[in-house]
Amino acid sequence: ADMFRRILIPLDGSELAEKALKQALEIAKSYGSILHLTRVVPLIDLCGEYSSVAFIERLEKMRNRSQNYLNRKLDELRSEQLRVDATVLIGNPAIRVVELAEEREVDLIVVSSHGRTGLARWYFGSTAEDIARRSSLPVLLLPQMRKK
């Protein structure tokens, strides 16, 4: 059963993304999949009144923060004996996620929909649907679990 050899999970640090990751882990454990984690630093968050130097510094800071976050995830998942790698990207989240999926020849993209706060509105909600629209690969869109 090599249906899901490679699974891509975009993470933005939100609780919703963590839930998507849990679901992806279940699939990965069943199928022995390789997991590709990614976090996209959206340039639109950086379009303020920056000088070019401040812009680059801020971009670097966000990139480092994203890399540290992914490194923590890698450590956690590798300790569970999963095969996993991680990539930080910069740009439009939906476009970059779909490009990465094609590049890595993934079999499935797992993403939560309908987060509406902060960075989450990027991935989730509009970005999740945007990924689904742009991708020729299967996308598993997880609905948001309502908090009881």
Side-chain angles (χ1 to χ4, degrees), residues 1-46 55-148:
D2 54 349
M3 257 176 81
F4 301 119
R5 280 180 315 251
R6 295 171 187 278
I7 301 174
L8 176 63
I9 307 126
L11 296 171
D12 67 351
S14 69
E15 248 176 77
L16 276 176
E18 299 286 329
K19 285 183 182 148
L21 179 58
K22 282 210 178 71
Q23 295 277 295
L25 294 184
E26 295 305 309
I27 299 169
K29 284 171 180 168
S30 310
Y31 290 91
S33 320
I34 296 168
L35 293 170
H36 296 289
L37 310 180
T38 186
R39 190 159 183 183
V40 184
V41 176
L43 283 175
I44 198 149
D45 276 13
L46 295 166
F55 176 86
I56 290 165
E57 280 175 0
R58 172 140 180 182
L59 185 59
E60 275 308 294
K61 188 182 283 178
M62 288 176 77
R63 196 219 284 273
N64 292 340
R65 206 181 291 153
S66 297
Q67 191 64 63
N68 292 339
Y69 169 79
L70 288 178
N71 289 345
R72 284 199 304 277
K73 293 280 155 222
L74 284 177
D75 290 344
E76 273 169 41
L77 300 181
R78 285 181 178 146
S79 70
E80 297 184 42
Q81 313 305 304
L82 288 153
R83 288 182 299 165
V84 56
D85 69 32
T87 316
V88 174
L89 298 169
I90 293 169
N92 173 305
I95 292 171
R96 301 297 286 140
V97 165
V98 171
E99 282 174 358
L100 183 66
E102 286 167 1
E103 211 173 280
R104 294 289 160 88
E105 300 181 339
V106 307
D107 301 296
L108 183 68
I109 301 171
V110 178
V111 65
S112 295
S113 59
H114 305 307
R116 285 283 183 256
T117 55
L119 240 191
R121 69 173 178 275
W122 263 100
Y123 272 137
F124 304 125
S126 59
T127 302
E129 280 118 46
D130 206 7
I131 288 170
R133 267 199 305 275
R134 289 171 188 276
S135 178
S136 54
L137 302 160
V139 176
L140 177 59
L141 271 183
L142 298 169
Q144 181 180 2
M145 300 307 160
R146 295 266 167 256
K147 282 210 174 69
K148 288 279 177 287

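All heavy atoms count here, side chains included; hydrogens, waters and symmetry mates do not.
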With sequence neighbours excluded, what pairs up with [X] under the side-chain hydrogen bond (donor to acceptor under 3.5 Å, both in side chains) test?
X	result
Arg78	none
Asn71	Gln67
Glu99	Arg96

Looking only at non-hydrogen atoms, find the nearest pair between [X] and [Y] and report the distance.
X	Y	result
Ala94	Asn92	N-OD1, 3.0 Å
Ala20	Leu142	CA-CD1, 3.5 Å
Leu89	Thr38	CD1-OG1, 3.7 Å
Leu35	Ala24	CD2-O, 4.3 Å
Asp107	Phe4	OD2-C, 3.8 Å

For [X], side-chain contact (heavy atoms from CB on, under 4.5 Å) partners two or more places apart:
X	answer
Arg104	His36, Asp85, Thr87, Leu100, Val106
Arg83	Ile34
Leu141	Val111, Ser113, Ala128, Ala132, Val139
Glu80	Lys29, Leu77, Leu82

Got a donor-acceptor contact below 3.5 angstrom from the Ser33 side chain to the Ile7 backbone?
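The answer is no, because no donor-acceptor pair under 3.5 Å joins these two groups.
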
Give a yes or no on whether the backbone of Glu103 and the side-chain of Glu105 come within a donor-acceptor separation of less than 3.5 Å.
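Not confirmed, Glu105 side chain does not pair with Glu103 backbone.
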
Do [X] and [Y] come within less than 4.5 Å of each other through their side chains, counting heavy atoms only?
X	Y	result
Leu21	Leu37	yes
Val98	Ile131	yes
Gln23	Ser112	no

With sequence neighbours left out, what residues match [X] under salt bridge (charged side-chain N to carboxylate O under 4.0 Å, His left out)?
X	result
Glu76	Lys73
Arg72	none
Arg65	none

side-chain contact (heavy atoms from CB on, under 4.5 Å) partner of Tyr31, chosen from Met3, Arg5, Arg6:
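Running side-chain contact (heavy atoms from CB on, under 4.5 Å) over Met3, Arg5, Arg6 with Tyr31 returns exactly one hit, Met3.
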
Rounded to the nearest 0.5 Å, how far apart are CG of Asp130 and OG of Ser135?
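These two atoms lie 11.0 Å from each other.
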
